[in-house]
Peer 1: 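One structure follows; several queries about it will come next.
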Protein chains: 2
Amino acid sequence: MAARDYGQYGGIPRALELVGERWALLIVRDLLVGPRRYGELAEGLPRIPSNILAARLKELQEAGILRRAPRSRVIVYELTPYGRELEPVILALGAWGFKALEDPREEQIITPDSMTMDLRAAFRSHVAADLPATAYAARVGQAELLIRVDGSSLDVMRGDGPADLAFAAGPDIRRLISGELAPSRAIETGVVEVLHGRGALLDRFASTFHLAA
Amino acid sequence: MAARDYGQYGGIPRALELVGERWALLIVRDLLVGPRRYGELAEGLPRIPSNILAARLKELQEAGILRRAPRSRVIVYELTPYGRELEPVILALGAWGFKALEDPREEQIITPDSMTMDLRAAFRSHVAADLPATAYAARVGQAELLIRVDGSSLDVMRGDGPADLAFAAGPDIRRLISGELAPSRAIETGVVEVLHGRGALLDRFASTFHLAA
DNA sequence: CCGCATCCCATGTGATACTG
DNA sequence: CAGTATCACATGGGATGCGG
């Protein structure tokens with residue numbers, strides 16, 4: 001790539017040369033959830049122009065961060081091992097940015113992949129380790145996620161499924177994760193709507209996923 | 001700021017809105033080493049145009065990441081507590097990018113602040129904890145650094161001073177830190193020139209600072 | 001001199017249209 | 001569906017200017 005140069009020799013300038021261009025880290029974020037087709041990426045990044053998506057995919061590929069892989073007649077993009085090493089960076093960045101979230105603007109949407117990575121960033125494995133295994137089915141905006149916590153491991157999948165607690169919420173779920181809003185209050189005020197299961201399990205959810213300013 | 005929008009609501013898009021613009025993270029990196037004046041920042045970022053530096057400083061200030069602080073007649077820029085929380089992000093990014101470093105291009109320089117943060121990223125505190133306290137005086141390119149390791153704590157200062165080992169090196173010191181080049185070979189081949197002290201201490205340096213692909 | 005602001009041009013980006 | 005092509009525009013880069 002060797003695109004735009006910062007004139008410096010060091011780890012950070014080098015990283016920014018590789019993934020510092022606009023949209024690049026969002027593409028990597030979505031691919032950290034799993035391999036994606038071109039159209040799936042475009043769908044998850046609604047405002048990216050197609051020429052930019054194509055250009056970034058080419059650059060990230062040349063940088064050895066992702067590869068095009070043929071999967072039974074269709075092509076998917078997947079991270080290379082080196083690309084997957086960006087996970088700590090993305091999680092740290094997401095945790096930091098999460099704390100600066102304000103109320104969503106009109107046009108801002110929540111995608112399944114973005115929600116998945118935010119949950120990973122907010123996941124407190126040491127807390128979860130002391131809690132019983134739990135499955136949550138969450139609908140947040142457009143995103144339908146099946147969240148399974150078992151010991152200190154977290155698995156987030158798209159779609160629905162059997163769960164101990166099923167709930168729907170809007171972007172205000174951020175207030176639950178930040179601790180700004182207690183679980184009981186979240187239900188009372190309608191920020192979270194319990195669809196199935198004991199609402200008390202939302203306490204467990206809030207202690208498992210927490211990211212405070 | 002609310003500059004360019006990604007149309008998504010989440011931690012990572014939010015972070016990129018705040019520090020995703022070109023040069024922003026390099027400014028934060030230098031300020032993580034310590035407060036800096038406008039001219040010092042410009043000196044450490046040789047290729048940044050002055051209008052961009054001024055614009056970024058204003059944006060980062062409005063985002064609550066840094067503040068202008070008057071220090072006895074002159075103004076310095078320093079990180080706010082929230083800005084300092086970017087340190088894990090910068091270190092993770094630097095560690096990742098370090099592994100992708102190739103041979104330096106002609107115009108690429110090493111600045112004291114960039115070298116300092118790279119050393120912090122490569123520092124293995126658990127290794128250092130088992131080694132005797134050591135002070136290194138390193139001259140790498142333009143940068144003169146005094147590196148003091150004591151237990152699991154690391155302190156890097158600009159300038160010279162008393163040290164157990166003083167050495168000079170070029171950008172190829174990367175090969176020492178990546179493990180590509182053994183300390184003894186580094187001295188033999190002239191990659192590292194020992195100025196003072198026992199060359200054997202370079203072994204200790206290499207185990208203290210290590211970042212392998 | 002330091003701390004910017006202004007100007008101009010090259011390049012990257014964004015919206016739309018289009019093609020294999 | 002998976003991208004290219006085109007073109008208007010915003011941003012970045014480099015030189016220069018300028019007030020305190």
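Per chain, numbering begins at 1; letters A, B, ... match sequence-line order. Scope of the values below: all heavy atoms of this structure, side chains included, with no hydrogens, waters or symmetry mates.
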Peer 1: May I have the distance from E43(B) (atom CD) to dG3(C) (atom P), rounded to whole angstrom?
Peer 2: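 Value for this atom pair: 11 Å.
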Peer 1: Taking CG from D5(A) and P from dG12(D), how many angstroms apart are they, rounded to a whole number?
Peer 2: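 Nearest whole value for this atom pair: 17 Å.
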Peer 1: Any donor-acceptor pair under 3.5 Å between the side chain of N51(A) and the base of dG3(D)?
Peer 2: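 Flag unset: no donor-acceptor pair detected.
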Peer 1: Check the phosphate of dC2(C) against R37(B), side-chain N and O only, distance under 4.0 Å to OP1 or OP2. Yes or no?
Peer 2: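 Indeed not, no polar side-chain atom of R37(B) lies that close.
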Peer 1: Find the distance L26(B):CG to dG12(D):C1' and express it as a whole number of Å.
Peer 2: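 In whole Å, dG12(D) C1' lies 14 Å from L26(B) CG.
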Peer 1: How many whole angstroms separate atom CZ of R47(A) from atom P of dA15(C)?
Peer 2: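 It is 6 Å, rounded to the nearest whole Å.
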Peer 1: Which is true for R56(B) with a 4.0 Å heavy-atom rule: it touches a base, it touches only sugar-phosphate, or it touches nothing?
Peer 2: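 The residue R56(B) makes sugar-phosphate contact but no base contact.
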Peer 1: Side chain of Y38(A) only, heavy atoms from C-beta on: which candidate in dG3(D), dT6(D), dG3(C) is closest?
Peer 2: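 Out of dG3(D), dT6(D), dG3(C), the nucleotide with an atom closest to Y38(A)'s side chain is dG3(D).
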Peer 1: Quickly work out the I48(A) CD1 to dG14(C) C1' distance and round it to whole Å.
Peer 2: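 Roughly 11 Å, once rounded to whole Å.
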Peer 1: Consider the side chain of I52(B), meaning its heavy atoms from C-beta on, and name the nucleotide among dA5(C), dG13(D), dG3(C) that approaches it most closely.
Peer 2: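 Nearest nucleotide to the side chain: dG13(D).
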Peer 1: Is R174(B) salt-bridged to D118(B), cutoff N-O under 4.0 Å?
Peer 2: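 No, this pair does not count.
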Peer 1: Which residue, L57(A) or P49(B), contacts DNA chain D at a nucleotide closer to its 5' end, judged by nearest heavy atom?
Peer 2: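 It is L57(A) whose nearest nucleotide is closer to the 5' end.
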Peer 1: From the options dG12(C), dA5(C), dA15(C), select the nucleotide whose nearest atom is closest to the side chain of S50(B).
Peer 2: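 Among dG12(C), dA5(C), dA15(C), the one nearest the side chain of S50(B) is dA5(C).
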Peer 1: Write down the distance between CD (E59(A)) and P (dG3(D)), rounded to a whole number of angstrom.
Peer 2: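 Rounded to the whole Å, the gap is 15 Å.
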Peer 1: Do the charged groups of R37(B) and E40(B) touch, with an N to O distance under 4.0 Å?
Peer 2: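 E40(B) and R37(B): not salt-bridged.
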Peer 1: Taking only the side-chain heavy atoms of W23(A) (C-beta and beyond), determine which of dG13(D), dG12(D), dG14(C) contains the nearest atom.
Peer 2: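 Of all the options, the side chain of W23(A) is nearest to dG14(C).
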Peer 1: The side chain of R22(A) lies closest to which of these nucleotides: dT13(C), dT6(C), dT16(C)?
Peer 2: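 It is dT13(C).
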Peer 1: In whole Å, I'd like the distance from the CD atom of Q61(B) to the P atom of dC4(C).
Peer 2: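 To the nearest whole Å, that distance equals 9 Å.
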Peer 1: Applying a 4.0 Å non-hydrogen cut-off, can you work out what R73(B) is touching in the nucleic acid: base, sugar-phosphate, or nothing?
Peer 2: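 Nothing, no heavy atom under 4.0 Å.
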Peer 1: Kindly point out which of dG14(C), dG14(D), dG3(D) is positioned nearest to the side chain of R68(A)?
Peer 2: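 Nearest to the side-chain atoms of R68(A), counting from C-beta on, is dG3(D).
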Peer 1: Over 60° means perpendicular and under 30° means parallel, so tell me whether Y82(A) and W96(B) are parallel, tilted or perpendicular.
Peer 2: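 Taking W96(B) first and then Y82(A), their aromatic rings lie parallel (interplane angle under 30°).
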Peer 1: What's the closest nucleotide to the Y77(A) side chain, out of dG3(D), dG14(D), dG14(C)?
Peer 2: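 My answer, after comparing the listed nucleotides, is dG3(D).
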Peer 1: Once you measure the plane-to-plane angle for Y38(A) and Y77(A), does it fall in the parallel (<30°), tilted (30-60°) or perpendicular (>60°) bin?
Peer 2: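 Tilted.
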Peer 1: Take the protein atom CZ of R71(B) and the nucleotide atom P of dG3(C), then report the distance between them rounded to whole Å.
Peer 2: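 One finds 14 Å between P of dG3(C) and CZ of R71(B), rounded.
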Peer 1: So with a 6.0 Å cut-off around CD of E180(A), is the heavy-atom count from everything else above 12?
Peer 2: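 For E180(A), atom CD is crowded (more than 12 foreign heavy atoms under 6.0 Å).
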